Number of protein chains: 2
Amino acid sequence: MKVSALEEYGLRCMLQLARNNGGSMTLPEISEAEGVSLSYAGKLLMILKKAGLVKAVRGRQGGYALVKPAGEYDLKEIFDALGEPLYNPRHCRKFKGDLEKCVHSKDCTVRDIWKEFSKIIDGVLGKVTLADAASGDYDFGDMISSIQVGIK
Amino acid sequence: MKVSALEEYGLRCMLQLARNNGGSMTLPEISEAEGVSLSYAGKLLMILKKAGLVKAVRGRQGGYALVKPAGEYDLKEIFDALGEPLYNPRHCRKFKGDLEKCVHSKDCTVRDIWKEFSKIIDGVLGKVTLADAASGDYDFGDMISSIQVGIK
DNA sequence: TAATTACTTTACAAAAAAGTACAGTATTTT
DNA sequence: AAAATACTGTACTTTTTTGTAAAGTAATTA
């Protein structure tokens, strides 16, 4: 289970903008702040822009900025913009081996695991705002202790 | 956030063996059952074997089998064998851009997010056994409804 | 003991992801 | 209007992951 480079660095760019209190940052600024190349920062911000998460202004006084207050973004929407979710309906088509259908399709326990798992992850990501993440004001403690796997 | 092919197919191989009630399966059998090539099945089972999750017998009556009852494996140990965890101490070294240190190192909110997140995932994976997964006898329902993100 | 079946190992090929280079367009400043 | 700054878009290279090929070793069977 892995976080892609796009997700990692994309989130960081969002955190940079969030800490900037609604102000805009140029690509050179973001690039230097995160230690990534200008090109790569450009790629990341373009993805975020196309997803509608940031807005851009061209020209000399230009730069990127959040389109809404950091407290109104949740981590799920940021991740959705940067990559595929852990589970989606195409899961079994993607991992079907050479067989026409997923061999687990009749009673697909594998799919169920990812589907349920994905719900948990989305649940958590959906409840942490970008502002929370930027300031560290969130606490997963209660959640962890409350984890209980029941029997159907 | 993605599940790698090794994790997906590796887990499926374990599920095949688990459904076999402790009996052994040959590579050709596993390969055909999952629709993956013989070579690839061999690679997967070798990884699982080196991690100590399965045992192998060579020769004509050979094959692979679980080393313990399916109910004594949890999904976490299976995933640990097949790939890196979502978060590990090398996270910031891996994603540090061109800078000597992760730019978030002082007050690394990114790292904290993955660290906490990873705990949740491990918590869930650690509570589902291979036997549960094979039969579908687990329920994340309670868990989902109990998710609460607090404030530090 | 030779043939067959099956695991083991190494090396390689193909595909996907990560990251870079560069030419272009828009806006502002001088 | 020319220069400077900054976003935009495409094409490319590198690296990692995925998957395959083939030769080798071990055990069994006839």
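Lettering of chains follows the sequences in order, A, B, ..., and the numbering in each one begins at 1. Bear in mind that the values here come from a model prediction, so they are computed numbers and not experimental data.
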Are A/Lys49 and D/dT8 close enough that a side-chain N or O sits under 4.0 Å from OP1 or OP2? yes
So, using ring pair (Phe, Tyr, Trp, His ring centres under 6.0 Å) as the criterion, who are the partners of B/Tyr73 when residues are at least two apart? none
Length of the OH-C1' vector between A/Tyr40 and C/dC22, whole Å: 19 Å
Contacts of A/Tyr64 meeting ring pair (Phe, Tyr, Trp, His ring centres under 6.0 Å) (sequence neighbours excluded), chain-then-number -> none
C/dG19, D/dC7, D/dG9: which one has an atom nearest the side-chain heavy atoms of A/Tyr9? C/dG19
Between D/dT20 atom P and B/Leu6 atom CG, what is the distance in whole Å? 13 Å
Taking A/Ser31 for the side chain and A/Val36 for the main chain, is one N or O donor matched with an acceptor at less than 3.5 Å? yes
Taking atom types as they are modelled, is there a donor-acceptor pair under 3.5 Å from the base of D/dA21 to the side chain of B/Ser39? yes
State which residues pass salt bridge (Lys or Arg N to Asp or Glu O under 4.0 Å) with A/Glu84; sequence neighbours excluded, sorted by chain then number. A/Arg90
In whole angstroms, the gap separating P of D/dT5 from CD of A/Glu32 amounts to 15 Å
For nucleotides 12-17 of chain C, 5' to 3', base contacts (B), sugar-phosphate-only contacts (S) and non-contacts (-) with protein non-hydrogen atoms under 4.0 Å give -----S
Could you list all the side-chain hydrogen bond (donor to acceptor under 3.5 Å, both in side chains) pairs where at least one residue sits in residues 41-53 of chain B, not counting sequence neighbours? none
Residues which pass salt bridge (Lys or Arg N to Asp or Glu O under 4.0 Å) with B/Glu77, listed by chain and number, not counting sequence neighbours: B/Lys68
Partners passing side chain to side chain contact (heavy atoms under 4.5 Å, CB included) against B/Glu8 (at least two apart in sequence or in another chain): A/His91, A/Phe95, A/Val110, A/Trp114, B/Val3, B/Arg12
By a strict heavy-atom criterion of less than 4.0 Å, which residues belonging to residues 51-64 of chain A are in contact with DNA chain C? A/Arg58, A/Gly59, A/Arg60, A/Gln61
Rounded interatomic separation in angstrom, taking CE from B/Met46 and C1' from C/dA6: 11 Å
What is the separation between atom CE on A/Met1 and atom P on D/dT17, rounded to the nearest whole Å? 16 Å
By the definition side-chain contact (heavy atoms from CB on, under 4.5 Å), identify the one residue from A/Leu53, A/Leu75, A/Leu82 that meets it with A/Met14. A/Leu53
Nearest-angstrom distance from the residue atom CG of A/Leu17 to C1' of D/dC7: 14 Å
With sequence neighbours excluded, residues passing side chain to side chain contact (heavy atoms under 4.5 Å, CB included) with B/Lys55: B/Ala65, B/Val67
Side chain of B/Ser37 - closest among C/dT9, D/dT20, C/dA6: D/dT20
Whole Å only: how far is the NZ atom of B/Lys50 from the P atom of C/dC7? 15 Å
